[in-house]
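Notes follow the structure.
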Amino acid sequence: MILIDIFVGAIMLAAAAAAMWVRNLVSAVILVGVVSLAASFIFLRLGAPDVAMTEAAIGSALSTVIFLIVVRRTESHEKGPEVQR
Amino acid sequence: MKPLFSLVMLALLATLSLRLAPLLQPGEELGQVAAHYASQGLVDNRGSNLVTSVVVNYRGFDTLGEVVVLFLSVTGIGFVLRRRQGLVLPAPVPASELVRTGSYLLLAPVLLFGAYIFIHGHLTPGGGFQGGAVVASAVLMMLLANRDRHLPHGLLSWIESLSGFAYVLVGFVGLFAAGSFLANRVPLGQWGDLFSAGLIPVIYVLIGLKVGTELSALLDQMTHSAEPEVKREGSR
């Protein structure tokens, strides 16, 4: 069973690293959402369903959407290499 | 200069973590307060959910602080977004058939699920914050499906303010009736019933309403922030 935890933790690390390296802001936001989703799964496995629900609802749903809204708003105003990083 | 600074900071952090790591061993047994919470939490409050018992009853005052923090941050965002009204954005692209149909299909169940989470906060995992967030995601789906829909901000701020006020009121009732803020001294009811655990479900419904309306108003403000709005509540 610990293999599942290691697997999900590896997904978390990979998504977090990819979120830093990827050039597209939308992909980065989605990857951060993946980190939150994996974290909520790990919370659930550790026996903390309350925290898992919070992480899934706030971390991977609402904040991802808020970031996406912000990315869309800012991209439509400032186009340049600095924004696309 | 900048990479060097980052490397120095990283090295400092690494040494600090290495020094602190041996101190952070998990304890063998619970502390006195934690042991009392763990053994008496379900007896004192007669809920089935120990986490809720701690969060809403023993640490109810801290939860009130959390609610205030959320309220202040949402108010701050509203304040910042209101200033950016001169921006001109292209008209919103209408949502596709798939998004619209899916949202309308899922809206009612997700809304109901959010309400279920915060009403059953004392019995099942979850509570006001989680339920409120789920309610807000249902509202978000509605906003995504219907791009030029505006939420009634006046109604939302009324619900939000009244539930926050009622939370404080419940706390003061405990202070004057039982001698401590948010004291849970009402009839506790049967174990496992919906109407049990004293004030916990009341407080969690209030928190759920408050968080749900706050986050919904925030999402509405963010999706419509750059459009000129004449009728906007001054209090938000």
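In what follows, chains carry the letters A, B, and so on, assigned in the order in which the sequence lines appear, proteins first and then strands, with residues in each chain numbered from 1. Note that this is a predicted model, so its numbers are computed, not measured.
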Legend entry - More than 12 heavy atoms of other groups within 6.0 Å of A:Ile2 CD1: no
Legend entry - Pairing residues for A:Phe7 by the ring-ring contact (aromatic ring centres under 6.0 Å, His included) criterion, not counting sequence neighbours: none
Inset, instruction - Check whether B:Leu144 gets within reach of chain A through its side chain, its backbone, both or neither, counting any heavy atom under 4.5 Å. - result: neither
Legend entry - Where at least one partner belongs to residues 44-69 of chain A, residue pairs that pass side-chain hydrogen bond (donor to acceptor under 3.5 Å, both in side chains), sequence neighbours excluded: A:Asp5-A:Arg45, A:Ser36-A:Glu55, A:Thr54-B:Gln130
Inset, instruction - Among the options A:Ile58, A:Val51, A:Leu62, pick out the one with the most heavy-atom pairs lying under 4.5 Å from chain B. - result: A:Leu62
Legend entry - From B:Leu140 atom CG to A:Ile69 atom CD1, the distance as rounded to the nearest 0.5 Å: 6.5 Å
